[in-house]
Amino acid sequence: DGIRDVAVTGVQTCALPICARPLGQLRVQARCPSNPRMSRSFAMGVSLQAQVMVAARDLTPGHAIQPGDWKQATMDLAKLPADVVEAQSSIENKEIVRNIQAGRPFQLNDLRPITVIKSGDQVKLNFIGQGFSIDASALAMSNAGVGDTVRVRLPDGKVIQGIAVSNGVVEVNLNQR
């Protein structure tokens with residue numbers, strides 16, 4: 001029925017609506033255990049203050065996030081979207097996909113991995129084995145950000161995949177095959 005029982009100090013039980021984020025304005029229904037027909041409904045506000053990542057200045061699409069572009073701010077999660085960024089690691093190696101005004105919290109859908117490999121680019125392919133590495137050239141077949149899997153075409157026409165590790169560099173770890 002969408003109700004969850006929660007113990008509350010001074011009240012035997014109360015019912016809270018089940019939702020992904022029980023924040024903001026909620027309606028709470030308190031029932032008397034000895035007389036189930038006796039109940040009261042209350043409106044209550046739930047807030048949760050947390051550190052979130054916000055833009056330190058106005059940012060435009062395509063901009064790669066640098067350390068001076070963000071700062072932490074304490075904000076009420078009840079008033080923010082569910083995908084607000086709380087950890088610095090979530091904005092590292094990312095670029096902006098839409099305009100963000102200074103002071104606005106970053107959302108996950110505002111960001112994408114920085115493109116370090118572009119389709120059609122000639123890339124350095126680094127094969128890494130136990131105790132050795134071999135470098136080669138290849139042609140990127142798709143765009144990729146750091147850590148993304150990317151398909152590349154070797155000069156002989158064979159297509160393999162590796163991991164984009166930096167600008168124009170794809171790594172194939174032979175130890176994991």
Side-chain angles (χ1 to χ4, degrees), residues 2 18-24 46-177:
I18 295 175
C19 58
R21 286 178 64 173
L23 299 172
V46 178
S47 69
L48 175 62
Q49 300 294 314
Q51 290 285 313
V52 298
M53 308 304 294
V54 300
R57 59 189 186 84
D58 291 347
L59 302 172
T60 57
H63 175 77
I65 297 178
Q66 305 296 316
D69 294 336
W70 58 268
K71 61 184 179 180
Q72 288 187 313
T74 302
M75 301 183 104
D76 183 357
L77 291 182
K79 297 177 180 174
L80 298 174
D83 70 338
V84 68
V85 175
E86 296 180 62
Q88 177 184 338
S89 60
S90 297
I91 62 172
E92 291 172 348
N93 297 312
K94 299 287 193 293
E95 66 185 14
I96 304 300
V97 297
R98 64 183 55 81
N99 288 321
I100 299 177
Q101 294 178 344
R104 181 176 167 268
F106 289 103
Q107 293 175 246
L108 292 175
N109 64 7
D110 291 333
L111 311 169
R112 69 173 168 231
I114 294 172
T115 302
V116 294
I117 306 288
K118 293 188 177 158
S119 182
D121 282 357
Q122 194 72 24
V123 296
K124 176 182 171 187
L125 191 57
N126 189 7
F127 293 95
I128 297 180
Q130 193 166 355
F132 73 93
S133 69
I134 299 170
D135 292 339
S137 287
L139 187 66
M141 298 180 65
S142 61
N143 294 345
V146 171
D148 290 344
T149 299
V150 61
R151 292 171 19 126
V152 296
R153 184 179 311 277
L154 299 173
D156 68 1
K158 184 176 180 182
V159 175
I160 62 171
Q161 63 183 29
I163 303 296
V165 293
S166 64
N167 198 15
V169 180
V170 175
E171 190 173 276
V172 177
N173 190 333
L174 301 174
N175 296 323
Q176 295 178 350
R177 291 183 162 236

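Keep in mind that the numbers below use all heavy atoms, side chains included, and drop hydrogens, waters and symmetry copies. No experiment lies behind these values; they were computed from the predicted model shown.
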Atom [atom1] of [X] and atom [atom2] of [Y]: how far apart are they, to the nearest 0.5 Å?
X      : Y      : atom1 : atom2 : answer
His63  : Asn99  : NE2   : CG    : 12.0 Å
Asp110 : Ile100 : CG    : CD1   : 4.0 Å
Glu171 : Lys124 : CD    : NZ    : 10.0 Å
Asp121 : Met141 : CG    : CE    : 13.5 Å
Arg104 : Leu80  : CZ    : CG    : 10.0 Å
Arg153 : Lys158 : CZ    : NZ    : 13.0 Å

Do [X] and [Y] come close enough that some side-chain heavy atom pair is under 4.5 Å?
X      : Y      : result
Arg112 : Glu95  : yes
Leu125 : Ile160 : yes
Met75  : Gln49  : no
Ile163 : Thr149 : yes
Val97  : Pro61  : no

Non-hydrogen atoms of [X] and [Y] that approach each other most closely:
X      : Y      : result
Ala140 : Ile117 : CB-CG2, 3.4 Å
Gly129 : Leu174 : CA-CB, 4.2 Å
Gln101 : Ala55  : O-CB, 3.6 Å

Trace of the side chain to side chain contact (heavy atoms under 4.5 Å, CB included) decision for Val52 with Leu77: CA-CA 9 Å; Val52 298; Leu77 291 182; 4.0 Å; yes
Verify, without hydrogens or angle tests, whether Asp76 (side chain) and Leu48 (backbone) share a donor-acceptor contact under 3.5 angstrom. yes
Under 3.5 Å: donor-acceptor pair, side chain of Asn93, backbone of Pro113: no
What's the verdict on side chain to side chain contact (heavy atoms under 4.5 Å, CB included) for Ile96 and Thr60, showing C-alpha distance, side-chain angles and the deciding distance? CA-CA 6 Å; Ile96 304 300; Thr60 57; over 6 Å; no
Have Asn175 and Gln130 got a donor and an acceptor in their side chains that come within less than 3.5 Å? no
Pair Leu111, Val85 - check side chain to side chain contact (heavy atoms under 4.5 Å, CB included), show working. CA-CA 10 Å; Leu111 311 169; Val85 175; 4.2 Å; yes
